[in-house]
Q: 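Below is one structure. I have some questions about it.
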Amino acid sequence: LKGLDTLEIGCGCGGGSSYIMRYFKPKSMTGVDFSNKAIEFCKKYYTIEGLSFSVGDAESLPFENNKFDVVVNIESSHCYGNMEQFLNEVFRLLKPKGYFLFSDFRSRNEIGHFRKQLKDSGLKLIKEENITKNVLKALEINNEHKIELIKQKVPKVLYRTFLQFAGIKGSEIYESFKTGEREYFN
């Protein structure tokens with residue numbers, strides 16, 4: 001990524017964008033997220049030259065055509081309302097010969113449809129890797145630590161919801177990865 005103009009769509013609280021800027025040294029790194037509060041946090045917390053953040057909708061982004069060499073999207077597209085529109089935006093924003101770096105999960109039944117959406121958008125799939133086993137291993141390694149953090153930080157009324165969201169062993173998401181009902185790929 002060194003010397004390239006890079007965009008992260010769905011940057012959340014900015015950790016990924018900051019990591020990319022610090023360790024991969026793109027020319028510019030822009031993080032965009034739908035949440036005003038997340039972007040306010042990013043702007044306050046991260047002050048690295050070349051790193052910027054803005055509010056934006058993944059399906060209608062406020063950037064000119066062919067602006068970025070690389071677009072990154074990690075674990076947020078499963079929340080988007082219109083995947084075709086999102087992929088069209090990615091295609092529009094990429095410079096010719098640009099790259100879309102993507103990682104997320106889908107149900108086993110949705111993966112073929114997602115591949116078709118990628119193709120229909122004009123993007124070309126160069127490499128795909130199923131990383132479900134790695135994700136499961138990480139969930140298992142961090143299981144006890146996440147439970148302790150949830151016990152310490154989360155109000156009891158939200159405790160069960162956070163256990164599900166965190167993918168604790170036995171949770172719906174953990175079990176869906178374990179059975180292969182859901183796959184995580186990049």
Q: Under the salt bridge (charged side-chain N to carboxylate O under 4.0 Å, His left out) test, which residues partner E183, sequence neighbours left out?
A: none

Q: Any luck finding a side-chain donor-acceptor pair between E110 and S107 under 3.5 Å?
A: yes

Q: Do N73 and Y80 get their side chains close enough for a donor-acceptor pair, meaning under 3.5 Å?
A: yes

Q: Hey, could you give me the NZ/CG distance between K67 and L93, rounded to the nearest 0.5 Å?
A: 9.5 Å

Q: If you round to the nearest 0.5 Å, how far is OG of S17 from CD1 of I9?
A: 10.5 Å

Q: Please check if the side chain of D69 supplies one atom and the backbone of D5 the other of a donor-acceptor pair under 3.5 Å.
A: yes

Q: I would like to know whether F114 and F185 meet ring-ring contact (aromatic ring centres under 6.0 Å, His included); could you show each step before the answer?
A: CA-CA 11 Å; F114 176 72; F185 58 98; 5.6 Å; yes

Q: Given a cutoff of under 4.5 Å between side-chain heavy atoms of I, L, V, M, F, W and Y, with clusters grown through shared members, what are the other residues clustered with V135?
A: F105, I131, L136, L139, I173, Y174, F177, Y184

Q: Angle class for the F102/F100 ring planes (parallel below 30°, perpendicular above 60°, tilted otherwise)?
A: tilted

Q: Could you pull out all residues at least two apart from E40 that satisfy salt bridge (charged side-chain N to carboxylate O under 4.0 Å, His left out)?
A: none

Q: Look up atom CG in N109 and atom CD in E181, then write down how far apart they are to the nearest 0.5 Å.
A: 8.0 Å

Q: Does F63 have any ring pair (Phe, Tyr, Trp, His ring centres under 6.0 Å) partners at least two apart in sequence or in another chain, and if so, which?
A: F68

Q: Please check this pair: side chain of N143 against backbone of I168, looking for a donor-acceptor N/O pair closer than 3.5 Å.
A: no

Q: Indicate whether any N or O donor in one side chain lies under 3.5 Å from an N or O acceptor in the other, for D33 and S35.
A: no

Q: R108: what forms a salt bridge (charged side-chain N to carboxylate O under 4.0 Å, His left out) with it, not counting sequence neighbours?
A: none

Q: Measuring only between side-chain heavy atoms, which start at C-beta, is T161 closer than 4.5 Å to F165?
A: no

Q: When hydrophobic residues are tied together by side-chain contacts of less than 4.5 Å, even through go-betweens, does L4 share a cluster with L51?
A: yes

Q: Evaluate the criterion salt bridge (charged side-chain N to carboxylate O under 4.0 Å, His left out) for residue pair R92 and E89; output intermediate values, then yes/no.
A: CA-CA 5 Å; R92 179 183 71 79; E89 280 293 277; 2.9 Å; yes

Q: For D57, what residues pass the salt bridge (charged side-chain N to carboxylate O under 4.0 Å, His left out) criterion, not counting sequence neighbours?
A: none

Q: Is the shortest distance from a Lys or Arg side-chain nitrogen in R115 or E128 to a carboxylate oxygen in the other one below 4.0 Å?
A: yes

Q: Measuring from S60:OG to N88:CG, what's the distance to the nearest 0.5 Å?
A: 12.0 Å

